[in-house]
**Q** 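To start, I am sharing the structure in question, which I have written as structure tokens.
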Amino acid sequence: MIVQEKVPGGKLLCVEAEFSSGRITRIRITGDFFLHPEETIDGIEKALVGTKADGVAAKVSEVLASNGAQLIGASPEDIERLVKRAME
Amino acid sequence: MRWRLLPYSENNAFLNMAIDEAISDSVQMGESPPTIRFYGWRPAAVSIGYFQSLEREVDVARCSEAGVDVVRRRTGGGAVFHDSEITYSIIGKEGLFPKDIIASYRQICGSVINALAILNINSEFKPINDIITNGKKISGNAQTRRGGVLLQHGTLIYEVDVERMFSLLRVPDEKIKDKMIASVKERVTSIRQQKYVRREEVLSAMLEGFTRGKEYGTGELSEKELGRAQELAQIRYKTKEWNNAR
């Protein structure tokens with residue numbers, strides 16, 4: 001399921017995710033947001049596999065912190081909100 | 001700090017993106033000074049942001065028929081149709097710019113705003129990464145930072161052909177394409193829509209806007225940068241693995 005949203009005051013965020021037993025089995029995050037360094041997105045998507053929807057924001061924040069990365073135009077909470085919508 | 005100015009040149013999309021990366025690498029290694037670069041795109045091209053889906057954003061077949069290059073940028077942000085516009089890059093060690101990302105966009109976009117002011121066009125910075133004039137976007141900008149180096153590139157729209165742009169980009173729903181075209185026309189403007197100015201005048205205003213208050217010398221790419229750029233164009237920016245990555 002693909003869901004997208006123009007984040008208020010931010011950029012376009014699009015989440016494509018599949019689930020099994022309430023956990024993410026595959027996820028792709030696209031959009032016109034910014035993330036430095038850019039490759040951190042691969043680590044975020046990888047880390048989210050196996051995560052429950054309500055643990056997404058915490059997991060994204062953890063990967064950002066461990067890579068010293070900055071997400072601009074969207075937040076970990078925005079990603080979690082879209083994952084939850086993708087689950088509906 | 002003495003800046004290097006690389007005067008306006010036109011290249012294909014792959015080499016344009018590769019040159020920005022090659023300069024960033026040289027700046028990181030301390031082999032090149034901070035650099036301001038002006039360029040155009042020949043043939044015309046569509047660039048997409050690092051995190052965008054190529055197939056959802058671009059009609060690749062139409063681009064190919066039209067002879068328009070398609071390239072994924074190293075920076076985030078949205079899809080841009082590069083046809084009649086002037087693109088700049090500014091590349092330097094992070095310490096030359098504000099640490100705060102929006103503050104650094106604001107500072108660098110200030111150079112574009114200076115250039116527009118020289119042309120008697122009033123504009124302002126609109127966070128996160130746009131410059132607007134009379135409420136409409138006239139410049140889009142994208143930044144990345146890695147290895148202690150900041151790269152920001154952006155476009156100053158000289159003329160815009162929204163219909164042509166939408167013939168190359170995909171829209172989520174074909175039925176509302178006309179509406180989207182109308183909405184973009186309401187939200188985007190160009191220098192030529194603001195006033196009659198020749199491209200050469202815009203270029204010289206950009207040069208003045210970007211170099212104001214800076215010590216600089218006109219230069220060229222080093223042999224190493226050019227070689228690395230040609231290599232990066234081949235091994236990264238022209239490849240399906242890179243462009244179709246998302």
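Just so we're on the same page: letters track the sequence lines, and every chain starts at 1. Remember, it's a predicted structure, so these values are computed and weren't measured experimentally.
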**Q** Measure the shortest side-chain to side-chain distance between B:Asn129 and A:Lys11 over non-hydrogen atoms and say whether it is less than 4.5 angstrom.
**A**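 When only atoms from C-beta onward are counted, A:Lys11 and B:Asn129 do touch, with a gap below 4.5 Å.
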**Q** Give a yes or no on whether B:Lys126 atom NZ has more than 12 heavy-atom contacts from other residues, nucleotides or ligands under 6.0 Å away.
**A**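 No, because the 6.0 Å sphere around NZ of B:Lys126 holds 12 heavy atoms or fewer from other groups.
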**Q** If you round to the nearest 0.5 Å, how far is OG1 of A:Thr30 from CD of B:Glu55?
**A** 10.5 Å
**Q** Got more than 12 heavy atoms from elsewhere within 6.0 Å of CE, B:Met1?
**A**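 Open: at most 12 neighbouring heavy atoms sit under 6.0 Å from CE of B:Met1.
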**Q** Check whether any side-chain heavy atom of B:Ile101 lies under 4.5 Å from a side-chain heavy atom of A:Phe34, and answer yes or no.
**A** no
**Q** Do side-chain atoms of B:Arg246 reach the backbone of A:Gly31 as a donor and acceptor pair under 3.5 angstrom?
**A** no
**Q** Would the distance check show the side chain of A:His36 and the main-chain N or O of B:Leu150 forming a donor-acceptor pair, the cut-off being under 3.5 Å?
**A**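 No; judged by distance alone, with no hydrogens or angles, the pair does not exist.
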**Q** With a 4.5 angstrom heavy-atom cut-off, could you sort out which part of B:Arg146 is near chain A: side chain, backbone, both or neither?
**A** side chain
**Q** B:Arg56 versus chain A, heavy atoms under 4.5 Å apart: side chain, backbone, both or neither?
**A** side chain
**Q** Can you say whether A:Leu13 sits under 4.5 Å from chain B via the side chain, the backbone, both, or neither, judging by heavy atoms?
**A** neither
**Q** Do you know which of B:Gly77, B:Gly78, B:Ser53, B:Ala142 has the most heavy-atom pairs with chain A at a distance under 4.5 angstrom?
**A** B:Gly77
**Q** For A:Glu39, is it the side chain, the backbone, both or neither that has a heavy atom under 4.5 Å from a heavy atom of chain B?
**A**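 Looking at A:Glu39, backbone and side chain both touch chain B.
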**Q** Could you grab the distance from atom CD1 of A:Ile41 to atom CZ of B:Phe51, nearest 0.5 Å is fine?
**A** 5.5 Å
**Q** Heavy-atom count around A:Lys6 NZ within 6.0 Å, excluding the residue itself: above 12?
**A** yes
**Q** Roughly how far, to the nearest 0.5 Å, is the CG atom of A:Leu35 from the OG1 atom of B:Thr75?
**A** 12.0 Å
